[in-house]
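Here the structure comes first, spelled out in structure tokens, and everything after it is commentary.
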Amino acid sequence: MKSSEQLIKIIHSLVPAEKKIKIMNVCGSHEHTIAFSGIRSILPANLEIIPGPGCPVCVCSESDIINAINLSNNPDVILVTYGDMLRVPTRQGSIRADGTSYKMITSPMEAISIAKKNPEKSVVFFSIGFETTTAPTAAILQMGLPDNLFILSSHKLTPVIMELLVKDTTIAIDGFIAPGHVSAIVGANAWKVFPEKYGIPIVVAGFEAENLLMGLIEILSQLRDGLARAGNVYKQVVRPEGNAHAQGIINKFFKVADINWRGIGHVPESGLQLRDEYARHNANVEFNLQPIKEEKIPGCICGNIILGKAYPSACGLFKTQCSPRTPQGPCMVSMEGACNIWYRTSSE
Amino acid sequence: MKKIEIGHGGGGRLTRDLIQEVFLKHLKGDHLHALEDAATLSLKCDQIAMTTDSYVVHPLFFPGGNIGTLAICGTVNDLAVSGAIPQYISLGLILEEGLPLDTLEQIIMSISEAARDAGVQIVTGDTKVVEKGKGDGIYINTTGIGSIVRRMSAENIESGDVIICTGTLGDHGTAIALAREEFPVESELTSDCAALNKMLEPLFKIDGIRWMRDPTRGGAATVMVELADASGLGIQLFEDSIPLRNDVRFITEMLGFDPLYLANEGKAIIAVSESCSVEVLRMLHNNPLGVNACVIGKVTSDFKGVRLRTVIGGERSLIMAEEETLPRIC
Ligand code: SF4
């Protein structure tokens, strides 16, 4: 294997001085590695690596969070969800600050045991995230849910939102680093649409700095040679066809549905809802939840950051009113959020 | 099994018995015998350093020490990095009703041993008892005083100075995290809890020593940011020079902690002129607590704040710890 120093040299040799190149990562953990290992500081100035919609907490719609807050204030309900979701701000506050009965979980299995321990309550699992977190939720559905456990699904599909970004010419993405964990589920082949339909190279990469650099080299080589392929430099984990079992159970319990993305809006066929056969575990049905129109957070530009149109440092609240302790927008909450990562690592 | 009762803090017979049978038994010294209201002390110096710290660590016992060892070492180290020779220490205890007397005695024995090793005397103390459920076994406050032999200040540092770390970082924080059993990891790691005064005192004679700090809560990153802010200069740290035990590297990676932000209880970070750095390292290496001492960075006027040169040659900024990674670490 080549040293990082050699890899960086190769990257410099692959970027023509006169050309601006923009590569997007769509995974919070990739952005984390890029920022914490200082990759941007050693790349050619005309090669931009922009964070895209890779942070599941950031894109969860305000409507779903407000519904979750309200559910946790229902005396018959215990709301359970992942830790970061408790702190995401909305115009109605956050689950932690303004909810009543909620519990943090780290795995959906815990939702089952909480439901079993509290048979007199309805337990609602606010299940969010991309394919990576959908699979474990499908797994508990496969095991069979207790009668008093309901799913509030805010699951989203990564490839769909990426297609939306590609079509937006104001962003002008030259290549994608495909998310490693999501790819392990959907498979490297799932990204073929980008080279084949849009002529954009895409490469699956892992989370070590060297592996990401190798991913960049693969994309840059394709660009230099005028090619577009779906590559994979994370073969030890990601197979071309992905995880068939996980795909099978996701498909069994969930159907594709229109969904709202925070800061982006309504995106057709970009989310997952429980299939009608499992409606009796669907929190939306059980509690008759209605969509709530999103309100912009004054001053917060998370929407543009998620779309790759701005860096966190462009926000007027960044590092002033907005910090990980006092998050004003969703991108500052989670360790996968671009604003949170930049807060910890950037000198801007 | 005998346990602490409310009456142990009442100032009456039970208190007196506790003092005789536990505290004086283990802590008796030149100044702690008369049981008077205040200790009478003498210090021969122009300036004294005084520091106070409260200890609420959870759990009370952890690999490599307990709350008692911490309460002595922590306060001794605060004095030592201020250029003082630690001498006298006060001991305030807040006990929770129901604390087994054996546990208390074990902690007091550790305090006695740590004080003896550090060459400090416990000269006065106080005990209060709170009802069951209102405390967590035991909380300790120690105040220490020492004679200043060397003034140190962040204002002394200059561009070109070298940053030395006396040993591996993150050991205490990681050991406490593991001791809480929230994480299913087996390890031989122990806390680095130790009194640093014997190691640091010889350095006070070296001209080029500018500044010292023990990176406890907030870790090395936080004290570096404090130094950068106070001096108005920049600090460049080198990730590949930062000494880390292999198990700490592995465990922190797994738990998602950054060892630069984890607490240490037996390490110092020292800013020293470049010309004296070799001598300082040689002296540190002569002490068992300093065998892993090494240069981890340098002071620069090229930028303000703290920047880390990463292993792949990139650069990122370090900020002060935002929220406590682990509450009740000391
Ligand atoms: S810094 Fe805060 S307010 Fe600004 S975009 Fe990021 S999350 Fe929103």
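Note that the structure is a prediction, hence the values are computed from the model and not measured. The sequence lines fix the lettering, A, B, ..., with proteins before strands; numbering per chain opens at 1.
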Please say whether more than 12 non-hydrogen atoms of neighbouring residues, nucleotides or ligands are located less than 6.0 Å from CZ in R344(A). yes

Rounded to the nearest 0.5 Å, the OG atom of S37(A) sits from the CD atom of E315(B) at a distance of 12.5 Å

Do other residues, nucleotides or ligands put more than 12 heavy atoms under 6.0 Å from the NZ atom of K304(B)? no

Non-hydrogen atoms of chain A under 4.5 Å away: do they reach the side chain of R307(B), the backbone, both or neither? side chain

For K298(B), I'd like to know if atom NZ has over 12 heavy atoms of other residues, nucleotides or ligands within 6.0 Å. no

With the side chain counted from C-beta on, respond yes when R316(B) and S41(A) share a heavy-atom pair under 4.5 Å apart, and no when they do not. no

Which pair of non-hydrogen atoms, one from Y343(A) and one from E322(B), has the smallest distance, and what is that distance? OH-OE2, 3.0 Å

Is it true that atom CZ of R87(A) has more than 12 heavy atoms of other residues, nucleotides or ligands lying nearer than 6.0 Å? yes

With a 4.5 angstrom heavy-atom cut-off, which part of L43(A) approaches chain B: side chain, backbone, both or neither? neither

For atom CD of E188(B), decide whether the heavy atoms of other residues, nucleotides or ligands shown that lie under 6.0 angstrom number more than 12. no

When heavy-atom pairs shorter than 4.5 Å are enumerated against chain A, which of V311(B), L308(B), L318(B), I312(B) gives the highest number? I312(B)

How many angstroms lie between atom OG1 of T310(B) and atom CD1 of I42(A), to the nearest 0.5 angstrom? 6.0 Å

Between G314(B), S317(B), G256(B), G305(B), which shows the greatest number of heavy-atom pairs under 4.5 Å with chain A? S317(B)

